[in-house]
**Student:** 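Here it is, the structure in full.
Below, each value reflects all heavy atoms present in this structure, side chains not excepted, and no hydrogens, waters or symmetry copies. So you know, we letter chains A, B, ... as the sequences are listed, proteins then strands, and number each from 1.
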Number of protein chains: 2
Amino acid sequence: MSAAPSAARPLPEATLRRLPLYLRALVEASGERLLMLSSEELAARAGVNAAQVRKDLSQLGSYGTRGVGYDTELLRQQINRQLGLNREHNVAVVGAGNLGQALGHYRGFSERGFNVVAAFDTDPAKFGGRLGSAVIYPLSDLARVVREKNITMALITTPAQVAQDIADRLVAAGVNSVLNFAPAVLNVAPHVSVRKVDLAVELQILGYYEHLRNDHTPAPTRAAAGS
Amino acid sequence: MSAAPSAARPLPEATLRRLPLYLRALVEASGERLLMLSSEELAARAGVNAAQVRKDLSQLGSYGTRGVGYDTELLRQQINRQLGLNREHNVAVVGAGNLGQALGHYRGFSERGFNVVAAFDTDPAKFGGRLGSAVIYPLSDLARVVREKNITMALITTPAQVAQDIADRLVAAGVNSVLNFAPAVLNVAPHVSVRKVDLAVELQILGYYEHLRNDHTPAPTRAAAGS
DNA sequence: CCATGTGAAAGCGTTCACAGCG
DNA sequence: CGCTGTGAACGCTTTCACATGG
């Protein structure tokens with residue numbers, strides 16, 4: 001089709017989920033001074049199928065050269081642009097418990113432009129403390145701080161019982177992207193994006209397959225996620 | 001009873017991924033003294049579609065009563081059994097950095113029978129320290145401790161460069177379920193299950209949608225940058 | 001009756017296979 | 001020629017709609 005850069009935008013979720021994989025592979029290849037990469041090589045580095053790589057990349061536009069491959073640098077830029085990774089995002093962590101603290105310190109976020117600029121908790125002992133470079137505020141300051149620091153995304157790492165209330169308050173304060181680590185179903189207005197991460201789910205799935213192996217030993221060739 | 005309860009086992013991944021959701025909803029309902037739940041009610045609590053609930057549950061067998069619903073307690077037991085959650089799993093955390101520490105302390109694991117019984121790191125300052133109830137060992141003790149403590153599952157929370165090596169050593173020591181938090185593609189023998197969790201991916205997806213919203217704003221101002 | 005359980009239909013995502021182009 | 005880009009086939013997941021049975 002035409003080469004309009006920002007034309008038919010809505011990328012399929014499945015593709016979206018793999019773009020970061022390609023990005024990592026491309027950065028790695030860049031570090032090895034590889035200027036061009038074939039879909040085959042890229043696939044190997046990302047741990048997926050070559051046809052899949054081509055399908056995914058074709059969704060962004062035609063950035064490959066037939067008979068040659070993809071320009072490492074160009075492709076990296078295009079994916080970055082599509083994912084909006086040029087932009088910096090100000091992120092809040094609500095719930096400064098174990099998980100909240102770990103996520104607040106997690107390098108993987110800041111490396112990709114997600115800056116944790118504030119944390120919130122209800123424990124007065126934590127107020128004024130720090131979570132990485134972010135100050136821990138009382139929950140009651142949420143609305144004010146969200147606005148002052150231009151926070152657009154939030155991680156919820158509170159107990160499940162309060163997660164919905166937190167979400168409501170975040171949305172009221174103007175946050176429209178929420179990543180929920182609490183084991184609770186959140187209902188929000190349609191203009192807000194919510195995603196859920198349940199760390200225990202993956203372990204449970206692994207447990208299931210182990211269970212299978214022990215009972216049956218049918219040796220299921222796992223086609224695990226990503227790998 | 002008569003027929004072997006564990007008959008046509010291999011549950012679809014998509015179903016497997018939702019069973020924990022139902023489990024949570026059922027426990028919650030149990031706490032409210034609800035003896036029976038319809039697929040409709042269960043669906044609402046789990047945040048999914050009612051038809052989906054019925055399809056999923058029918059995979060486990062016929063544990064519902066037509067015209068009535070599902071027996072909360074019975075269903076809970078059946079899901080637990082299917083997921084192998086009666087059994088306890090001994091889990092190792094490799095990499096006692098921020099993420100490793102948070103995961104080691106995470107309640108959600110131990111609550112569901114996943115006990116972190118050992119941690120490993122290369123930093124001598126951490127040796128002998130604790131991560132929750134688990135002792136932190138030098139990486140060189142990995143094989144010995146894995147065998148002594150009957151560890152069957154491991155979380156990899158190391159830097160990406162060493163993740164493959166760690167995986168190899170874990171597998172050699174007898175671990176056959178690995179949950180990888182490092183941003184690296186792991187290659188393992190076919191009898192080993194590997195799953196990957198990339199915490200930044202979810203944030204990136206949220207970022208993408210925010211990016212979309214900002215670009216698309218139906219504002220009359222024609223500021224959209226072409227090429 | 002009423003809610004489950006399930007064929008059938010619709011929708012997505014992945015893989016295949018090859019046309020098309022550098 | 002070699003590799004991309006893509007229509008078409010395939011397989012998995014979700015949704016629909018209703019027959020079935022307590």
**Student:** For C:dG13, does either OP1 or OP2 sit under 4.0 Å from a side-chain N or O belonging to A:Q52?
**Tutor:**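 No, because none of the side-chain N or O atoms of A:Q52 sits under 4.0 Å from OP1 or OP2 of C:dG13.
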**Student:** As a test of reading the structure: which of C:dA3, D:dT13, D:dG5 is closest to the side chain of B:P12, going by heavy atoms?
**Tutor:**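 Of the options given, the side chain of B:P12 lies nearest D:dT13.
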**Student:** In whole Å, I'd like the distance from the CZ atom of A:R17 to the C1' atom of C:dC12.
**Tutor:**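 Rounded to the whole Å, the gap is 14 Å.
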**Student:** Nearest-Å distance, CG (B:D71) to P (D:dG22)?
**Tutor:**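 It is 17 Å, rounded to the nearest whole Å.
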**Student:** Sequence neighbours left out, what passes side-chain hydrogen bond (donor to acceptor under 3.5 Å, both in side chains) with B:E32? Give chain and number order.
**Tutor:**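 Applying side-chain hydrogen bond (donor to acceptor under 3.5 Å, both in side chains) to B:E32 gives B:R45.
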**Student:** Would you mind reading off the distance between B:E13 atom CD and D:dT13 atom P, rounded to a whole angstrom?
**Tutor:**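 It is 8 Å, rounded to the nearest whole Å.
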**Student:** With a cut-off of less than 4.0 Å, is there a side-chain N or O of A:Y63 near OP1 or OP2 of D:dC3?
**Tutor:**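 Looking at the OP1 and OP2 atoms of D:dC3, neither is under 4.0 Å from any side-chain N or O of A:Y63.
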**Student:** Determine, step by step, whether A:R24 and B:D198 satisfy the salt bridge (charged side-chain N to carboxylate O under 4.0 Å, His left out) criterion, reporting the C-alpha distance in whole Å, the side-chain angles of both residues, the deciding distance to 0.1 Å, and the verdict.
**Tutor:** CA-CA 12 Å; A:R24 220 159 53 209; B:D198 186 340; 3.2 Å; yes
**Student:** Donor-acceptor pair, distance only, cut-off 3.5 Å: does the side chain of A:Q59 make one with the backbone of A:D56?
**Tutor:**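 Checked: no pair found.
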**Student:** Between P on C:dC12 and CG on A:D56, what's the gap in Å once rounded to a whole number?
**Tutor:**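 Spelled out: CG on A:D56 to P on C:dC12 is 17 Å.
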**Student:** Quick check on DNA chain D: between A:S58 and A:G67, whose nearest nucleotide comes earlier from the 5' end?
**Tutor:**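 First, find each residue's nearest nucleotide; the 5'-ward one identifies A:G67.
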**Student:** For the pair made of CG in B:L16 and P in D:dT14, what is the distance, rounded to whole Å?
**Tutor:**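 My rounded result for the distance is 12 Å.
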**Student:** Provide, to the nearest angstrom, the distance between the CG atom belonging to A:L57 and the C1' atom belonging to D:dT6.
**Tutor:**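 Spelled out: CG on A:L57 to C1' on D:dT6 is 13 Å.
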**Student:** Determine, step by step, whether A:R112 and A:E88 satisfy the salt bridge (charged side-chain N to carboxylate O under 4.0 Å, His left out) criterion, reporting the C-alpha distance in whole Å, the side-chain angles of both residues, the deciding distance to 0.1 Å, and the verdict.
**Tutor:** CA-CA 8 Å; A:R112 303 188 218 189; A:E88 303 267 306; over 6 Å; no
**Student:** Here's a test of your reading of the structure: between A:R66 and A:T15, which maps to the more 5' nucleotide of DNA chain C?
**Tutor:**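 Its nearest nucleotide lies further toward 5', so the answer is A:T15.
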**Student:** Quickly work out the A:Q78 CD to D:dG5 P distance and round it to whole Å.
**Tutor:**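 In whole Å, D:dG5 P lies 12 Å from A:Q78 CD.
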**Student:** Tell me whether the OP1 or OP2 atom of C:dA3 has a side-chain N or O from B:S38 closer than 4.0 Å.
**Tutor:**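 No, B:S38 has no side-chain N/O under 4.0 Å of OP1/OP2 on C:dA3.
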**Student:** Please examine the side chains of A:R195 and A:S177, heavy atoms only from C-beta on, and report whether any two atoms are closer than 4.5 Å.
**Tutor:**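 No, too far: nothing below the 4.5 Å cut-off.
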**Student:** So does B:L85 get a backbone contact from the side chain of A:H211, meaning a donor-acceptor N/O pair under 3.5 Å?
**Tutor:**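 No; zero donor-acceptor contacts below 3.5 Å.
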**Student:** Under 4.0 Å from OP1 or OP2 of C:dG5: is there any side-chain N or O of B:Y70 that close?
**Tutor:**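 Result: yes.
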**Student:** Mind checking if B:S62 touches a base, just sugar-phosphate, or nothing, with heavy atoms under 4.0 Å?
**Tutor:**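 Sugar-phosphate, no base atom in range.
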**Student:** With distance as the sole criterion, do the side chain of A:R54 and the base of D:dT4 form a donor-acceptor contact below 3.5 Å?
**Tutor:**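 Under the 3.5 Å cut-off, the side chain and the base do not form any donor-acceptor pair.
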**Student:** Distance check needed: C:dT15 P versus A:E40 CD, whole Å only.
**Tutor:**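 Answer to the nearest Å: 13 Å.
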**Student:** Measure from the side-chain N and O atoms of B:T72 to the backbone N and O of B:L34, and report whether any donor-acceptor pair falls under 3.5 Å.
**Tutor:**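 Side chain of B:T72 to backbone of B:L34, a donor-acceptor pair under 3.5 Å: yes, one is there.
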**Student:** Under 4.0 Å from any atom of DNA chain C, heavy atoms only: list the residues of residues 18-36 of chain B that qualify, in numerical order.
**Tutor:**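 By residue number: none to list.
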**Student:** Kindly say whether, by distance alone, the side chain of B:K55 makes a donor-acceptor pair under 3.5 Å with the base of C:dT6?
**Tutor:**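 Between C:dT6 and B:K55, which were checked side chain against base, a qualifying N/O pair under 3.5 Å is absent.
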**Student:** Quick one: is A:T65 getting a side-chain N or O under 4.0 Å of the C:dG22 phosphate, OP1 or OP2?
**Tutor:**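 So the side-chain polar atoms of A:T65 never come under 4.0 Å of the phosphate oxygens OP1 or OP2 of C:dG22.
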**Student:** Would you say B:E210's side chain and A:N176's backbone share a donor-acceptor pair under 3.5 angstrom?
**Tutor:**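 Here the side-chain-to-backbone pair does not exist.
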